[in-house]
Peer 1: 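I have a structure here, written as structure tokens, and I will follow up with some questions on it.
Basis for what follows: all heavy atoms, side chains included, without hydrogens, waters or symmetry-related copies. Protein chains get the first letters and strands the later ones, always in sequence-line order, with residue 1 at the start of each.
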Amino acid sequence: MNRFRHLVMGRPNERMIVDYRDDLRLFPTRAKRAWLLFLVLAWIFLPAVWDNAPFTILSEHGVSLNTLAYAAVFSIAAIGLNLLTGYTGQVSLGHSVFLAVGAYFTAYAGSTWDMPMLLWLVLAPALGWIVGALVGPFALRLRGNYLVVVTLGLVFIGEHIFRNWKSVTGGSTGTSAATVPVSVGPLDARNLEIFGREFDEDRAFFWLTWALVALVAWLVKNIVRTRPGRALQAVRDRDIAAEIIGIDVGVAGYKTQAFAWSAAIAALAGALYAPLQLFIGPQDFNLLISIQFIAMIILGGMGTVYGSIIGALIITAMPRFIEGYSDGELPLLGRLIPGDGLPAVAAKTTDDGLITVSSLNVVIYGLLIAVFLLVEHRGLAGIWVRIRNYFSTWPFSY
Amino acid sequence: MSTDALLRFEDVTLRFGGVTALHEVSFEVEPGELFAVIGPNGAGKTSIFNCLNAVYRPSHGTITFDGKPVIGSKPTEVARMGVARTFQNLGLFANLNVIDNLMLGRHLLMKSGFVSGALWFGRARREEIHHRAEVEKIIDFLELQAYRYQPVGMLPYGIQKRIELGRALSMEPKLLLLDEPVAGMNLEETEDMARYILEIRNDLKIAMILVEHDMHMVMDIADRVMALNFGEPLATGSPQDVQNDPHVIAAYLGEAS
């Protein structure tokens, strides 16, 4: 657009678009590019400065690099669910099962066959894709609450299989993923050495998982801004009109494909979850995990990619905060509320109290879902858009 | 019956339980023709469109479009044959902006799937740029420049009707079905819409079937008119002939005693 700058009097609006290539850029404004640069730098350097002054506040409040790696894994799963629920309008309570497919596959293939990381990073989503494509056709004839019930059934079928297919899943006790290879060439996440410097596992997994968040976010953002993603949104907004302009909603159509790709992304998250968690069992993939994913995308913002990541960060970090609170050990926030942490919350099962930390978390998920659906159904992303619109036209109100 | 008709309905009968929505309806539309269907509420006008779009399946008769049978096809296959449509109560994708709605009209003209879309560089990007430019022609044609990036659900009704016409046009159809394009519009909006319809006929040479209650508009712009009542054709011919047909007058004004 610099070629045209001299044609415009004064300083042209930065967002003046004179070329379709300009129009299709993911980071069109200087502010957005600066933000991207900031995130890349944070990704590179955060593990290095994590133990230094201002950042220690986070770890003192229970949010470690390990927590952030979990948040990354859940971000990937939330992006996958958002592709299905936010963009295609199909609610799924079954995403913990797709997560489990990837996790059990990686734990088994990595431990038994010593499958290298680059291979299970591809094969786990492929397996998830197939499972999603088998579940997807149920969405063709069911919508709304009925589809929710079917996907809920998937969770129980999944749990039954995980508890009984002992040779693969280890049954109710679970299975180890500690020996799953997590290395690319000379870089091994369990024993990372770059330029002679050694980094611990938490740091290695932070880099690995967040790199994959960036990759998945980019891929999904591309899907939703091109032909297949527009078709998904058309199906969500008005499926009969979508059919009449030629969008296939049949058995091999867009609803099924949305399920398949969404499940593939969830399985990728599961594949990372297994070596991060070291040991996985059926309790890692129950209904509550699915509801957490729903809470993430409702809180962050349905139909946005970045909202999924924000939602995953908040929902993953929140239990750690609450745990810290109930112990009364929070150095900064603890001072604001006097006494030994939150009243009536038992930090350990042996403590007295009305409610345990994990039950309190569940209550808060429920409250967040209800409040956001009632007050701002577009989530934090919707609130952000409103703030931005207000200031971009300031001081005028429209 | 001419052999080069674009669309041919022959004895099409559509029943819902005991109700006969269409009874032995026959008509033809020539390439480039502006054919209007009029009739009181419940006469079966929109049912004609739903049969043609393969949303409803007639119990009897044949529909031939461009030499191919329509009955038994799926809606997406009819779209592929070259039939585009606007809806009486709007069928836009409310959360998407004007560009995305018009790009969706080009769905069948584009090819990218999930994989090439996700990878962006290469086919998907080339395709986006090419079709974005095509969509811009329609934005110019329908004077939608002011609304490009606004979610269509937030726009005024008259503009939404125009966007829907734009989405149908971006399919590059051979036949355009317009279901009450000026319903609920004021005089100025109606005249704008009539102007666009005439430009589509004269410049783009796309055949159209127009279902409309606004008699002034129909009589002014249509080449031929078919009047329906209770699912049965009363008269088909030039606007003057149909206007003066005693059956049509009776259906609209009641029998003269």
Peer 1: Would you say the side chains of A/Tyr87 and B/Asn95 form a donor-acceptor pair under 3.5 Å?
Peer 2: no
Peer 1: Flag the one option from A/Val224, A/Asp248, A/Asp237, A/Val249 with the top tally of heavy-atom pairs under 4.5 Å to chain B.
Peer 2: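 Counting heavy-atom pairs under 4.5 Å, the top option is A/Asp237.
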Peer 1: With no hydrogens and no angle check, is any side-chain donor or acceptor of A/Asn222 less than 3.5 Å from a backbone partner on B/Leu119?
Peer 2: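 The answer is no, because no donor-acceptor pair under 3.5 Å joins these two groups.
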Peer 1: Going by the angle between their ring planes, with limits at 30° and 60°, are B/Phe114 and A/Trp261 parallel, tilted or perpendicular?
Peer 2: parallel
Peer 1: Could you walk me through whether B/Trp120 and A/Arg225 pass side-chain contact (heavy atoms from CB on, under 4.5 Å), step by step?
Peer 2: CA-CA 9 Å; B/Trp120 178 246; A/Arg225 68 194 178 122; 3.1 Å; yes
Peer 1: Stepwise, does the side-chain contact (heavy atoms from CB on, under 4.5 Å) test hold for B/Ile129 with A/Arg21?
Peer 2: CA-CA 7 Å; B/Ile129 292 172; A/Arg21 273 167 297 174; 3.4 Å; yes
Peer 1: For a quick test of reading the model, state the closest non-hydrogen atom pair linking B/Glu128 to A/Leu24 and the distance between them.
Peer 2: CB-CD1, 3.8 Å
Peer 1: Can you confirm whether B/Met103 sits close enough to A/Arg230 that some side-chain heavy atom of one is under 4.5 Å from a side-chain heavy atom of the other?
Peer 2: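 Contact flag for B/Met103/A/Arg230 side chains = yes.
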Peer 1: Look at atom NZ of B/Lys111 and say whether more than 12 heavy atoms of other residues, nucleotides or ligands are closer to it than 6.0 Å.
Peer 2: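 It does not: B/Lys111 NZ has 12 such atoms or fewer within range.
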Peer 1: Is it the case that the ring center of A/Tyr254 lies less than 6.0 angstrom away from the ring center of B/His107?
Peer 2: yes
Peer 1: Can a donor-acceptor pair be found, under 3.5 Å and without considering hydrogens, that links the side chain of A/Arg227 to the backbone of B/Gly113?
Peer 2: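 No: the side chain of A/Arg227 does not pair with the backbone of B/Gly113.
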Peer 1: Give, as side chain, backbone, both or neither, the part of B/Met171 having an atom under 4.5 angstrom from any heavy atom of chain A.
Peer 2: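 When you check distances to chain A, only side chain atoms of B/Met171 fall under 4.5 Å.
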Peer 1: Does some side-chain heavy atom of B/Phe93 sit less than 4.5 Å from a side-chain heavy atom of A/Arg236?
Peer 2: no
